[in-house]
Structure formats: C-alpha cells, structure tokens
Amino acid sequence: MSRSHLYLTGNIAYGTRKIILTSSDVSYFVKPFSVQSGYVHGDRVKARIMRRWDGGRMAEVEILSLVSRSRDPLLARIISKKWKQYLKIISEQWNLEAPYIAKDKNYSENSIVSIKFGVNDRVEIISIFGKEDDTDLDERLILWLARARTEFPTNVIQESEEIKKETSKIDITTRTDFRDWYTLTIDGSDAKDLDDAISIRQENNGDYTLAVHIADVAEYVTEWSTIDREAIMRATSIYTPGKVIPMLPEILSNDLCSLHPGTMKLTLSCVMLVDPRGNVKHTDIVEGIIESRHRGVYDDIAKRQNDPHPEKNELGGVLNIAFSLYHILEKRRRKEGKITFESTEIYFDFGDQTQRNNTIKTPLWIKKRERNDAHKLIEEFMVLANEEVAKWCHTNGLPFLSRVHGLPGNEQTEIIQGILRNAARAPIVETGKRWEILLSKQKWTPVLEPTHIREFLESIHDPIELYRYSRLLLPKMAKATYSDTPFRHFGLALEYYSHFTSPIRRYPDLQVHRIIKEKIQGKLWSERITHYKTLLKRIARACSERERSAEDIERAMNSLYICRYMSDKIGKTYTGKISGLSEFALFVELENGIEATLYLPRWRYNINSIEWILTTPSGKQLGWIGEILKVKIESVNMAERRVVIERV
C-alpha cells in the first residue's frame with residue numbers, strides 16, 4: 001500500500017454511539033481518542049487509515065488535523081464559570097467549551113441553544129432549543145443529535161393531501177380482486193400502520209394457497225416525488241416508547257395505505273401454492289384489491305388456535321388452516337437451519353397520559369413482551385413471502401434489494417466453533433450421537449453452517465443454559481444489511497431473501513415494490529433496468545446507515561424511559577441473571593426485562609472468549625452469563641442512561 005493511500009479527507013458525524021467519518025461515500029469508524037481536540041459534527045478533517053474493512057469489522061481511521069470548520073448548526077448548553085458564560089457543545093462523545101458575548105439576549109443557566117461557527121470560527125447563537133425544565137428536552141436531544149427528521153415539510157403534507165383527493169381516479173380494472181376471500185390482519189393492539197394481511201385456503205389435494213397482501217404504497221408514492229425524496233432521507237420509521245416517527249405522512253401510513261377492515265385497499269399480493277411439506281410449488285405476484293374482514297390482535301388470535309370447534313365460524317376455519325400451515329413451515333425452517341435465539345423484548349405501558357401534559361412522561365410499568373404462536377405465524381408467513389419475492393426477482397432477472405446476513409467474520413467464526421466444541425464436552429448439554437458426529441465433521445469441514453448453531457441450541461434443555469448460549473452466540477453474528485447484489489441470509493438459512501412486506505415503514509420494501517410493479521405492467525425496459533442498477537447501490541448503503549441510526553435512537557430512548565421508570569425504585573431488590581460482561585462491569589437482566597449495570601472494583605479482569613466467564617488475575621470467578629443474582633437498585637445515572645445496581 002502506498003503511503004498516499006493511508007490518508008484521506010472527509011466529514012465527521014457524531015452518532016448516539018460512535019463517530020463516523022465519510023469520504024467518497026465510504027464510512028469509517030473514528031478512533032475516539034483522536035476527537036478530543038474540539039472537532040465538531042460536520043468538520044472536514046484529514047485522517048489516517050488505521051484498519052481496513054475485513055468483512056466483519058468497520059474500517060477505522062484516526063483524525064490528524066482540521067481542514068475546514070463545520071457550518072452545520074450545533075447545540076450547546078449555557079454554563080457559568082467565574083462570572084462568565086460559556087457554551088458547552090452537546091454531543092454523546094465529547095466536550096468543547098467556547099466563550100461567547102451575550103450582547104442583547106439573556107440566556108439562563110443550563111439553557112440549550114442552537115449555534116453555528118461563523119467567520120473566523122466565531123460562535124454565533126441562532127436560537128433557544130430548550131430550557132432545563134422542558135419535559136421533553138431529553139427526547140428532543142436524542143433525536144437532534146442523531147439528525148432524525150421528526151417533522152414533515154409543508155410541501156410533503158400538501159402532496160399527501162393531493163394524493164388522497166386523487167384516489168378515486170386510480171384504475172382498478174386490471175387488478176386481481178381478492179374481496180371474496182376471507183382476509184385478515186394480525187398485529188399488536190396499538191398498531192396503526194397495518195401494511196400486511198393474509199388470505200389462505202386449503203385445496204382438495206392438501207396443498208395450501210397462501211396470499212400475503214402488502215399495502216401498495218408504490219401506487220401512491222411515485223419515484224422522485226416530494227414524498228419519495230423525504231422517504232429516502234428517512235429510510236425507516238422509528239419506534240420509540242409510546243410514539244412512532246413515521247417514514248411516510250400519516251395520511252398515507254395510517255389511512256390510505258393501512259389495511260383497515262371494511263375498506264377497499266390496493267395491494268401488491270404474493271400468492272403462493274404450498275405443498276403439505278412446506279415447499280412452494282408456484283408463486284405469483286399481482287396488483288390486487290382486498291377488503292379485510294377482521295382486525296386480529298396477537299393475543300386473541302393465539303387463543304383461537306386451541307378452539308375445539310373452529311368450523312363454527314369463517315374466521316375460525318381460516319385460522320385453523322393458517323396454524324396448520326404455520327407448523328409445517330416452522331418444521332421446514334428448523335430442518336433448513338433457521339437460527340432462533342432466546343432474546344428479551346420489553347414493553348412500555350404509559351396508561352392514560354391525557355392528564356399528565358405538564359409532567360415528564362414516565363411509563364406506568366415495564367415488563368417483558370411475550371411472543372406467542374400468532375407472532376410466530378405472521379413472522380413465518382412474511383419470511384416466506386420475502387423469500388419467494390427474492391426468488392421471483394432473481395428468476396425474472398430483475399434488479400432488486402437483498403436483505404443480506406453474511407457469515408460471521410473469521411475471528412467470530414473461530415470463537416463460535418470454540419463455544420460449540422467446549423459446550424459439547426460440558427455435562428450441562430445433552431448432546432447425543434448426532435451432535436458428536438456433527439462436531440467430528442466440523443474438524444474436517446471448518447465452514448460454519450446455520451444448522452450447526454440450530455442443532456446445538458435445540459440440544460439444550462435447561463432454560464438458563466439456553467439463555468446463556470444465546471447471549472454468547474448472538475453478538476458473534478454478522479449485522480444484517482441491504483445490498484444490490486443477492487447474498488445468502490445466514491441467520492434464516494436462505495439463499496435469496498428480500499424485504500417486501502413493510503413498505504409503509506421501510507424504504508427498501510417500497511423500492512422493491514416499485515421495480516416489481518414496472519415488471520408486471522411491462523414497463524421495465526432496458527434503460528429502467530440500467531437506472532435501477534445504478535440507483536440500488538446508493539439506496540442499499542443509505543438505508544443500511546439510516547437503519548443503524550434508527551436502532552441507536554430506539555436504544556437510547558428505551559434507556560431514557562427505563563431510567564425514568566426506575567428513578568423511584570432506589571433500594572428495591574430484584575432477581576436477575578447476568579446478560580453480559582465487560583472489564584469494568586457486569587450487566588444484569590432484571591426479572592422485568594430491564595438491563596442494569598453492576599460496576600466492579602477497579603482491578604484488571606480476564607474474560608474467557610469461549611466460556612465467557614469473568615475472573616480476577618488470581619483466578620477467582622466473578623460471574624458468568626446466565627448466573628442468577630439478587631441485586632438492589634443503587635442509583636439511576638440519567639446522564640449515561642444507566643440503572644446502577646449492587647449485589648445483595
């Protein structure tokens with residue numbers, strides 16, 4: 001590598017968890033120690049490449065010097081020192097203080113102001129962002145620092161209103177009419193953007209005809225329209241406790257495109273003929289019309305699975321067929337190697353907030369969200385549709401966006417195989433002959449397959465050990481992304497996979513819909529294929545980045561609301577199990593699903609990367625993932641958004 005290739009210039013951006021430098025549309029992770037000299041979001045800098053991308057970890061750079069100062073707006077907090085006021089620029093990662101002259105305005109202590117660097121790097125205050133006692137200040141800061149788009153521009157709202165006025169002019173005569181099928185949606189009770197519905201029937205020969213109907217957003221949102229440009233910049237809806245920041249205006253997301261019962265809706269429908277072993281014999285994708293007859297809720301649908309007389313009503317009969325196919329597909333997926341990890345998702349209940357406008361929004365309670373067979377049924381049907389759409393696009397030579405989940409990197413693969421071999425020798429795992437043969441084969445075939453992990457997890461019967469090994473293996477998996485090139489989805493054990501089923505809340509799905517519709521309508525000419533091949537590479541990269549940003553926002557918001565909820569529970573005791581280890585702390589999942597931090601005394605620890613046990617240099621064991629502890633809430637650190645605990 002020539003010396004000139006070690007250096008580059010680019011712009012830095014501060015996220016909620018890390019700092020990124022972008023140069024020539026390539027993103028690099030910035031070494032944290034190199035940003036302590038007062039660099040701000042949007043600065044153009046010179047940097048040195050410290051590590052190239054290795055297929056598993058992001059390329060990494062060290063900042064060397066400032067090329068030009070950012071002109072982007074920034075946020076700063078007003079602080080006082082020795083009778084002078086200063087600006088402390090707000091970021092997740094760093095602190096920079098800059099003096100300023102108040103002139104005509106009087107700013108109170110701890111007020112947040114919007115600033116920018118002007119001529120000669122002079123700091124200029126633009127406006128007040130918020131005051132210390134604002135009830136929503138913490139949420140707004142998280143969103144602002146992540147550069148989330150929270151309000152729709154006026155022209156976007158106007159265009160969505162015009163679309164609603166023009167809906168009566170849409171030609172439905174060429175669409176496949178599914179209105180005589182019994183169609184239903186199955187979602188959470190609080191869902192408003194219902195973008196998928198199902199119809200199903202069983203044929204005389206035992207085959208199943210499953211139609212997965214997806215809201216035809218592309219019929220309303222055309223390429224390069226004002227709404228489309230806004231949707232690209234958002235790329236995904238963001239789901240925070242008790243609130244959604246939608247990708248599309250509510251006129252579309254909650255009204256025109258949402259598949260509410262009793263109303264005619266336009267869909268792009270994937271109709272699959274599935275045999276009794278779960279193999280898809282034929283797939284059609286058509287522009288359709290549906291009228292949902294039932295708005296199903298997960299808990300209610302799950303209870304109906306055990307209905308002794310499902311034939312008494314049409315819904316019961318449809319669900320009986322649907323659950324029958326679900327169990328067939330689930331068995332097929334297990335055989336193929338689909339990996340299912342033991343994981344925890346929490347649910348926030350805010351109750352009635354109408355009388356609490358002047359107080360900080362705090363959950364009434366937080367608990368673990370239980371997944372039942374209704375969740376799994378819809379997930380299985382959506383995965384099948386996503387797989388079949390990807391196959392259909394590939395077979396027809398269409399450019400499309402793949403949802404890819406690659407093999408773990410070389411280092412992670414070695415650790416995974418070490419975990420599997422080590423566990424097979426432990427008495428806690430009932431391995432059996434089949435697992436021993438599998439391990440023997442791995443000695444000669446070092447390639448890791450999804451079936452290796454799947455069969456290993458199924459061999460564990462102790463729930464604590466299943467939790468432990470799920471927590472050990474899941475972080476070693478590669479991150480799922482979007483790509484314009486088809487790649488295998490490792491976690492689902494599928495050769496082809498796309499995102500098709502959520503165009504209301506994910507831009508990649510909308511983009512795939514648009515291409516499919518052009519193919520169906522005979523408009524996917526050679527110049528359009530060339531256009532999409534160029535466009536999809538940029539769309540894949542942008543959507544992957546925005547997805548990561550949305551996840552960071554959701555994680556930060558969850559932590560904020562958890563801290564608010566736990567702030568009045570200091571001194572209360574809980575039972576929990578260790579969910580993670582670091583060199584400075586144990587992380588403990590409490591009985592309500594909340595993860596808390598148990599800080600350790602300041603000495604050097606050792607973490608075994610295979611067994612994942614924390615020990616002192618002398619060999620004393622301090623904790624292992626899955627270990628049950630009794631703990632007490634010591635404090636809540638709002639600045640770091642951590643619940644701090646101690647052993648009881």
Check the orientation of His405 and His489. Use parallel for under 30°, tilted for 30 to 60°, and perpendicular for over 60°. tilted
Centroid-centroid under 6.0 Å between Phe350 and Tyr561 rings: yes
Please tabulate, for the side chains in residues 265-276, all donor-acceptor contacts under 3.5 angstrom to protein atoms that are two or more places apart in sequence or on a different chain.
| from | atom 1 | to | atom 2 | distance (Å) |
| --- | --- | --- | --- | --- |
| Lys265 | NZ | Asp255 | O | 2.6 |
| Lys265 | NZ | Leu256 | O | 3.3 |
| Lys265 | NZ | Ser258 | O | 3.3 |
| Thr267 | OG1 | Ser269 | OG | 2.8 |
| Ser269 | OG | His213 | ND1 | 2.7 |
| Asp275 | OD1 | Arg277 | N | 2.8 |
| Asp275 | OD1 | Gly278 | N | 3.0 |
| Asp275 | OD1 | Asn279 | N | 3.0 |

Test the Lys368-Tyr347 pair against the cation-pi criterion, namely NZ or CZ under 6.0 angstrom from the six-membered ring centroid and within 45° of the ring axis. no
Closer than 3.5 angstrom, by distance alone: can the side chain of Thr362 be matched with the main-chain N or O of Ile360 as a donor-acceptor pair? yes
Does a donor on one side chain sit under 3.5 Å from an acceptor on the other, for Thr340 and Arg454? yes
Applying side-chain contact (heavy atoms from CB on, under 4.5 Å) between Ile285 and each of Ile516, Asn396, Ile214, report the one that passes. Ile516
Test: Glu547 and Arg403 ion pair at under 4.0 Å: yes
So, Glu627 side chain and Trp624 main chain: donor-acceptor pair closer than 3.5 Å or not? yes
Less than 4.5 Å apart, any side-chain heavy atom of Ser160 and any of Tyr220? no
Do Met477 and Phe341 touch side chain to side chain, with heavy atoms closer than 4.5 Å? yes
Do you know the tightest heavy-atom contact between Leu248 and Ala231? CD2-CB, 4.0 Å
Run the salt bridge (Lys or Arg N to Asp or Glu O under 4.0 Å) check on Arg333 and Glu379 step by step: do they pass? CA-CA 12 Å; Arg333 296 296 186 201; Glu379 180 183 285; over 6 Å; no
For the residue pair Ile594 and Met566, establish whether any side-chain heavy-atom pair is separated by less than 4.5 Å. yes
Around atom NZ of Lys335, are there more than 12 heavy atoms from other residues, nucleotides or ligands closer than 6.0 Å? no
Please examine the side chains of Leu325 and Leu210, heavy atoms only from C-beta on, and report whether any two atoms are closer than 4.5 Å. yes
Taking only Lys NZ, Arg NE, NH1 and NH2, and the carboxylate oxygens of Asp or Glu, determine whether Glu449 and Arg488 approach each other closer than 4.0 Å. yes
Would you mind listing every ring pair (Phe, Tyr, Trp, His ring centres under 6.0 Å) that reaches into residues 368-391, with sequence neighbours excluded? Tyr298-His375
List the steps and the verdict of salt bridge (Lys or Arg N to Asp or Glu O under 4.0 Å) for Arg468 and Glu342. CA-CA 9 Å; Arg468 169 174 166 75; Glu342 190 78 9; over 6 Å; no
Tell me whether Ser253 contacts the main-chain N or O of Asp193 through its side chain, where contact means a donor paired with an acceptor under 3.5 Å. no
Apply salt bridge (Lys or Arg N to Asp or Glu O under 4.0 Å) to Arg179 and Glu291, showing your working. CA-CA 5 Å; Arg179 284 177 290 183; Glu291 186 172 315; 5.4 Å; no
What I'd like to find out is whether the side chain of Lys376 reaches to under 4.5 Å of the side chain of Glu330, using heavy atoms alone. no
Does this structure show an ion pair linking Lys281 with Glu203, if we count only N-O contacts that are shorter than 4.0 Å? no
Which of these, Arg546, Arg149, Arg505, sits in a side-chain contact (heavy atoms from CB on, under 4.5 Å) with Arg234? Arg149
Derivation and outcome, side chain to side chain donor-acceptor pair (under 3.5 Å), residues His294 and Tyr182: CA-CA 9 Å; His294 183 74; Tyr182 191 98; 4.6 Å; no
For Ser483 and Val404, indicate whether the former's side chain and the latter's backbone hold a donor-acceptor pair under 3.5 Å. no
Under the rule for salt bridge (charged side-chain N to carboxylate O under 4.0 Å, His left out), what residues qualify as partners of Asp228, not counting sequence neighbours? Arg514
Does a sphere of radius 6.0 Å around CD in Glu250 hold more than 12 heavy atoms from other residues, nucleotides or ligands, not counting ones at 6.0 Å or beyond? no
Tell me, yes or no, whether the heavy-atom count around Lys517 atom NZ, taken from other residues, nucleotides or ligands under 6.0 Å, exceeds 12. yes
Check for a donor-acceptor pair, side chain of Thr263 on one end and backbone N or O of His260 on the other, with a separation under 3.5 Å. yes
Would you indicate whether the side-chain heavy atoms of Tyr469 and Ile419 approach each other to under 4.5 Å? yes
Going by heavy atoms in the side chains, are Tyr496 and Cys393 under 4.5 Å from each other? no
So do the side chains of Ile232 and Tyr507 get within less than 4.5 Å of each other, counting heavy atoms only? yes
Determine whether Glu589 and Thr344 satisfy the following criterion, side chain to side chain donor-acceptor pair (under 3.5 Å), listing intermediate values before the conclusion. CA-CA 9 Å; Glu589 182 185 306; Thr344 302; 3.0 Å; yes
With no hydrogens and no angle check, is any side-chain donor or acceptor of Asp509 less than 3.5 Å from a backbone partner on Thr501? yes
